[in-house]
Amino acid sequence: MKNKSYIFLIIILISAFGFISCEKEITIELPEEPSKIVIEGYIENGQFARVSITKSAPYFDPIDSATLINSMVLNAIVTVSDGITTEQLHMDTIMALPPIIYAGNTIIGEIGKTYYLTVVVDGQTYTSQTTIQNPVAFDSLWFKLSPGNDTIGDIFAVGTDNGAEYNYYRVFTKNNSIDYSFVPIFESVWEDKFFNGMTFTIQLYHGMSSNLTEMFQDDGGRGLGYKVGDQVITKLCTIDYESYKFWSAAESEITYGANPFMTTTSVPTNINGGAIGCWTGYCATYDTIICTP
Amino acid sequence: MKNKVLNTFIILFLLAFVNVSLFAQKFTISGYVKDNATGEFLIGANVYIKELMKGTTTNTYGFYSMTIEKGEYNLAGSFVGYKDFEQKLTLDKSIKLNISLETNIITTSEVVISGEREDKNIQSSEVGRVEIPIEKIKKLPALLGEVDIIKAIQLTPGIQSAGEGNTGFYVRGGGPDQNLILLDEAIVYNASHLLGFFSVFNADALKNVEMIKAGMPANYGGRLASVLDISMKEGNNKKFEFDGGIGLISSRLTVQGPIKKEKCSFIVSGRRTYLDLIMQPFLKKDSPFKNGGYYFYDINAKINYYFSDKDRLFLSGYFGKDVFTLKGGESFSNKIDWGNATATVRWNHLYNDKLFLNTTLIYSNYKFNMGAEQNFYEMKLHSGITDYSAKLDFSYLPSIRHNIKFGGQYTYHILMPNSASAKSDTTEFDLGGTVKMHSHEAAVYITDDFDVSEKIKISGGLRYSMFFHTGPFDRYKVNETGIITDTISYKTGELIKMYHGLEPRLAVKFGIDSKSSVKASFTMNYQYIHMASYTSVSLPTDIWVPSTSLVKPQIGFQYSLGYFRNFFKNMWETSVEVYYKDMRNQIEFKEGFSAIDNLKNNTDNNFTYGRGWSYGAELFIKKRMGKTTGWIGYTLSWTQRKFPEINGGKTYPAKYDRRHDISIVVTQQLGKRWSISAVWVYATGNAMTLPLSRYFLSGSIVNEYSARNAFRMPAYHRLDISATFTSKDKPGKRFHWDLNFGVYNVYSRMNPYYIYFETTGDITTLNLQTVAKQVSLFPIIPSVTWNFKF
């Protein structure tokens, strides 16, 4: 609900002039900006910690295989602690961008616990902490065909919020017909301000796995929806306030970052020491639905 | 320090009054100055006693009064566009003299005596006042042929356009909410149609436009930067008159006439665009604009009754709206509308020939509505402000050396910053319902224009203003993480917070000789209601909020100094002015704010506060008379802000910091029937924040941004030309017309409206490049408008 309506409003007002406006390419000189360390780390209940560490690059630098390789930080010392045990994460390869991450094999995420992250790169230390929240699960899920369509439809979910506490959510879906991994839904980050303690219904718009590949992904005509016969796994996560602040801003930037009508401020971080990014603790519940009309 | 300033003012006032001579026998000449043909009274007309080299000007209701010693005099009356009036008179008792001025018909060979007091810019103490007669505005080239008074005043130094597609204008580095825009004394909150392309003012219905950018006199208040005071015509009280025009995208019609000859007259003026209808045949069937589209309309209406020279009643109203509809098949529809409505009732009463009173009752409303529907999801959003006001304004003219005004005003504001409702299928979201905020604003003032001596003239005034925020109101108390920890409910009428302050105003003119003078001014202003904008461009989604226990009133101090000189018998006017403004308690939304933070919360929990200041120099050269007239204005200025919670507490340029601003306007009369004009404007580009670097996050690219407003868009410049062909004017001929041809943006400069970045290339081989692109709105646009009058 959120920003979406304001985006509509703004885009509509501006697109009114689409038929008379003109576009041209221009050159802009940007000053040299020192590279920052980007830490993207997760720990989920029942899973090991995983952290990816990269560097930021100047805005106009081309994005190609060379810059991607250059952006990876491979000499970091990454440690995770639950207050009692500490483990150093080891490097691992995965099927994603970037392809190398630091993964744990000792500490498993538990509900209610706080986890501390320490990263040392080139003599600089960066720290953060996150807490895995209490679980919330969807009460039900259903699939409904889009009006006037007999193959594509939408998935809706109903959940009940815990009125006694402040809850922040992030929702993902994995459509086994087209996704390799969980993809956050469109507008995936929520707080319970508007439905505290109530039952809420949300439409699980299928999101984009990457704003880079978005335009080139073949979704078989599904758009924001799902096709009859798709097997979809939903993942409802609860997160803490700091992670909510980060992902709320990051998602806005990922989806609408190119829109000149949004305020342009850098995404806030929950990492101390001068790095950017987020150390997020997820408490996830999973459900499966087969799209049948 | 404050007490000292106050004491000085009080002493100055007492001295000023003591100076009023009580000894010689004095009589008063008073009356109204009117247009001979239509009966319209004239605002700011000059009435002058040649022997004394002193005079006065008519007030907003055309009334003048001069109290001078018994004797024989030559009285002269004059006004722009009219023939001078002269009359010998013997003053041995107080007399009433109503003056009817005849319109001046422009002749080809003579140098035109414009009729305004030639050295007005040198002699008056009005330091920051800009007057552009409506008739001159109509001759300037206009976008799509739409004459626009706000665009015209932006051609003078110190007043800057917010840019194409942005509502509002900036005066000496002040924000768009710092301008007090009045139409027949009612505040107009959003003076723009179509995102600022056109203003809401239909020039055919207007009599006078006055812009005050410095030295704001004490009878005005509530805004820091400027006053744009617009008066509607009363309506021809001698015969019926029809004016109108048919243009490319809009048409207008004005009907005025007497209901009872010379006693009661009316004027009704309307305008509408038909852009939506014209576009329909050009739209593709699946275009969202099909069966939708955009239109706006305005209606100005006024009726006045002249009981006698002592009493007059006026009733005026303005209604205007912009409506925007978008439909996308069956699943998507969106309607946005916004508009102002104002109504004023005024009663002029003349107690005696020295004391004039105007009583006004005002209603003003601005509302913005949006409704959106998509599949099962529906949302409505409203914001707006409603004012109920009353004003008492006295004019007291005890002698020709003093023009004293005093009075008071009271306004009840009802603000609705943000109200929304939304539902998804059957779930109704709790968005906090309709939130209304109640507040009361009041002020009393006294001001005097005092001719101290032949060379020195002082305008001094004091205004005392107050503001009350009252219930019903729910205050949500939030902790540092933004979570609401407590709610305090205030009952109806319960006082939540009060603010008040004294606003001294001073403007002084030191005449050097008959051709030149130096003027200085100092003003202090409070502003109690504010506009909060959360996009980098101004949109009708900007909301008005009152001062509260968290939001302090804005305070502004402005200092200005200017040197004015005329050349060649007042044919050329020149001036150089410098100014410095200090603005406190400026408001911005907190960084990282998102629009829903406003719902089920107090809007002011999302604000952060800081300081702004601006300074600059303005150069102005104007040729007033002759077949060729025009002006050049150049402004060099800086506008900066410093907020502890924005940009890491470091000083940054305001969005509208405009280093250079140039306007060149030339109008040439060619023979009896043709006139051409050209306008060239140049402005340094708007400040913007740009991304400096990028990084990966979950496989997507995210930007890191520069310091706030660290970059400039490319400069804006544009040339417009227009030519007007007028029908033959024969005496007795009733039907007049003119044909106006215009070209906007003659050399089709692609001025940037916004800049965005596009990433292109081949993702499969992971070879992408980002380029910067700029979007421009208006290339070269020709227009034709046919105007008529009968």
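All values below were derived from every heavy atom in this structure, side-chain atoms included, with hydrogens, water molecules and symmetry-related copies excluded. Just so we're on the same page: letters track the sequence lines, and every chain starts at 1.
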Would you check if there is a donor-acceptor pair between the side chains of A:E40 and B:Y695 at a distance under 3.5 Å?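 Side-chain D/A pair, B:Y695 to A:E40: absent.
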Find the distance between CD1 (A:I39) and CG (B:L697) and round it off to the nearest 0.5 Å.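 If we round to the nearest 0.5 Å, A:I39:CD1 and B:L697:CG are 12.0 Å apart.
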Rounded at 0.5 Å granularity, tell me how far NZ in B:K773 sits from NZ in A:K24.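 B:K773 atom NZ to A:K24 atom NZ measures 12.5 Å (nearest 0.5 Å).
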Need one label for [X]: side chain, backbone, both or neither, based on atoms under 4.5 Å from any heavy atom in chain B.
| X | result |
| --- | --- |
| A:E29 | backbone |
| A:A57 | both |
| A:E33 | side chain |

List for me each residue that meets salt bridge (charged side-chain N to carboxylate O under 4.0 Å, His left out) alongside B:R712, sequence neighbours excluded, and say none if there are none.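 In terms of salt bridge (charged side-chain N to carboxylate O under 4.0 Å, His left out), with neighbours along the sequence ignored, B:R712 is linked to B:D657.
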Can you sort out the partners of B:E588 under salt bridge (charged side-chain N to carboxylate O under 4.0 Å, His left out), two or more places apart, ordered by chain and number? B:R641, B:R708
Less than 4.5 Å apart, any side-chain heavy atom of [X] and any of [Y]?
| X | Y | value |
| --- | --- | --- |
| B:S698 | A:Y42 | yes |
| B:T770 | A:Y59 | yes |
| B:I755 | A:I28 | yes |

With chain B, the option among A:G148, A:C278, A:P62 that has the most non-hydrogen atom pairs under 4.5 Å is A:P62
Given the options A:D61, A:T54, A:V267, A:V38, which has more heavy-atom pairs under 4.5 Å with chain B than any of the others? A:V38
Which residue is it: A:P34, A:S56, A:P58? I am looking for the one with a side chain to side chain contact (heavy atoms under 4.5 Å, CB included) to B:S693.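 Among A:P34, A:S56, A:P58, the one that satisfies the side chain to side chain contact (heavy atoms under 4.5 Å, CB included) with B:S693 is A:S56.
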Correct closest heavy-atom pair for A:S266 and B:Y705 would be OG-N, 2.9 Å
Closest contact, heavy atoms only, B:E704 versus A:K36: OE1-NZ, 2.7 Å
Residue part contacting chain A, namely of B:L690, when any heavy atom lies under 4.5 Å: side chain
